[in-house]
Amino acid sequence: MTGTAELLAAGPILLYDGSCGVCSRTVQWVLAHERAHTLRFAPLESAVGQELRARAGIADDVDSLLWMEQGAGQLQAATHSSAALRVVDYVGGPWRLLGALRIVPRFLRDAAYRAFARVRHRVAAQHCLLPTPEERARFIAT
């Protein structure tokens, strides 16, 4: 893939584990609650997901939500709890109140996030993500 900057110029991209039921349900939750309708989605396993991860220097073993955007002329990535907080900021409304969790030191938030990530496949079975035709246009499949 070429043109990562051009791809991200259209807005942020949320990378998610396509084989994870919790991640698929999170994407569906975002689609149901968002106000801006500008966030795009791509599975971590996709060519776009692999390219963005490599360009951001994110290890292959990070297999949960990743928030990617262009900022200050370069690729910026948020992982673990920081990515989840970016999602609630994006969704807005009363969900923004969860941003108060930023007062918890990141290493503690990330430890809790990683603990849940280790069991997420047992919490929710793989879930088929079926976006509407309008939503489908926001999924990057390459």
Side-chain angles (χ1 to χ4, degrees), residues 1 3-132 134-142:
M1 178 186 88
T4 303
E6 293 82 16
L7 183 63
L8 289 166
I13 299 172
L14 183 65
L15 301 178
Y16 64 96
D17 180 350
S19 66
C20 169
V22 172
C23 298
S24 293
R25 287 189 172 124
T26 298
V27 170
Q28 289 180 324
W29 178 85
V30 170
L31 291 167
H33 293 91
E34 68 183 339
R35 296 174 181 201
H37 304 279
T38 57
L39 183 62
R40 288 157 311 132
F41 307 90
L44 287 165
E45 305 83 11
S46 69
V48 169
Q50 292 174 0
E51 172 84 13
L52 289 172
R53 232 176 19 186
R55 290 192 183 219
I58 296 173
D60 289 339
D61 64 344
V62 177
D63 65 349
S64 50
L65 295 178
L66 300 174
W67 179 277
M68 308 294 245
E69 66 185 324
Q70 192 73 22
Q74 64 187 49
L75 174 62
Q76 296 181 344
T79 63
H80 302 98
S81 66
S82 296
L85 290 171
R86 297 300 297 266
V87 169
V88 295
D89 286 345
Y90 165 79
V91 169
W95 302 105
R96 284 193 131 163
L97 295 174
L98 292 172
L101 291 172
R102 284 185 177 86
I103 64 170
V104 176
R106 191 168 106 189
F107 77 93
L108 291 175
R109 290 190 330 254
D110 284 351
Y113 186 96
R114 284 187 196 103
F116 179 76
R118 282 192 294 274
V119 299
R120 74 185 189 277
H121 290 285
R122 287 180 266 161
V123 171
Q126 188 171 353
H127 183 75
C128 187
L129 184 61
L130 297 172
T132 66
E134 297 82 24
E135 294 167 345
R136 197 171 297 126
R138 294 174 43 210
F139 283 77
I140 304 166
T142 58

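Along the sequence shown, residues are numbered consecutively beginning with 1.
Considering CG of Leu75 and CD1 of Ile58, their distance stands at 7.5 Å, rounded to 0.5 Å. Considering CG of Leu52 and CG of Leu15, their distance stands at 5.5 Å, rounded to 0.5 Å. Taking CD of Gln28 as the reference point, atom CD of Glu135 lies at 8.5 Å (rounded to 0.5 Å). In this structure, OG1 on Thr79 lies 6.0 Å from CG on Asp110, to the nearest 0.5 angstrom.
Counting heavy atoms from C-beta on, the side chains of Arg86 and Leu14 never come closer than 4.5 Å. Looking at heavy atoms from C-beta onward, Asp17 lies in side-chain contact with Glu45 at the 4.5 angstrom threshold. Looking only at side-chain heavy atoms (C-beta outward), Trp67 and Leu39 come within less than 4.5 Å of each other. Residues Val62 and Leu44 fail the side-chain proximity criterion, which asks for heavy atoms closer than 4.5 Å. At a threshold of 4.5 Å between non-hydrogen side-chain atoms, the residues Met68 and Val48 do not count as touching. In this structure, His80 and Arg106 have side chains that are not in contact, with every pair of non-hydrogen atoms separated by 4.5 Å or more. Residues Val91 and Trp29 have side chains in contact (heavy-atom distance under 4.5 Å, counting atoms from C-beta outward). When side chains are defined from C-beta on, Asp89 counts as touching Arg102, because their heavy atoms get closer than 4.5 Å.
In this structure, Ser24 and Gly18 approach most closely via the heavy-atom pair OG-O, 4.3 Å. Closest of all the heavy-atom pairs between Ala42 and Ile140 is CB-O, 3.6 Å. Between Arg35 and Gly93, the shortest heavy-atom distance links the atoms NH2-CA, 3.2 Å. Across all their heavy atoms, Val88 and Arg96 have their closest contact at O-CG, 3.9 Å. Smallest separation of non-hydrogen atoms from Thr38 and Tyr90: N-OH, 3.0 Å. The shortest non-hydrogen separation linking Ala56 to Ala77 is CB-CB, 4.0 Å.
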*Leu65 and Tyr113: CA distance, side-chain angles, deciding distance, side chain to side chain contact (heavy atoms under 4.5 Å, CB included) verdict*: CA-CA 10 Å; Leu65 295 178; Tyr113 186 96; 3.7 Å; yes
*Quick one: do Leu7 and Arg40 satisfy side chain to side chain contact (heavy atoms under 4.5 Å, CB included)? Show the steps, please.*
CA-CA 10 Å; Leu7 183 63; Arg40 288 157 311 132; 3.7 Å; yes
*Quick one: do Arg109 and Leu85 satisfy side chain to side chain contact (heavy atoms under 4.5 Å, CB included)? Show the steps, please.*
CA-CA 10 Å; Arg109 290 190 330 254; Leu85 290 171; 3.6 Å; yes
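In this pair, Phe41 and Tyr16 present their aromatic rings perpendicular. The plane angle is above 60°, beyond the 30 to 60° band.
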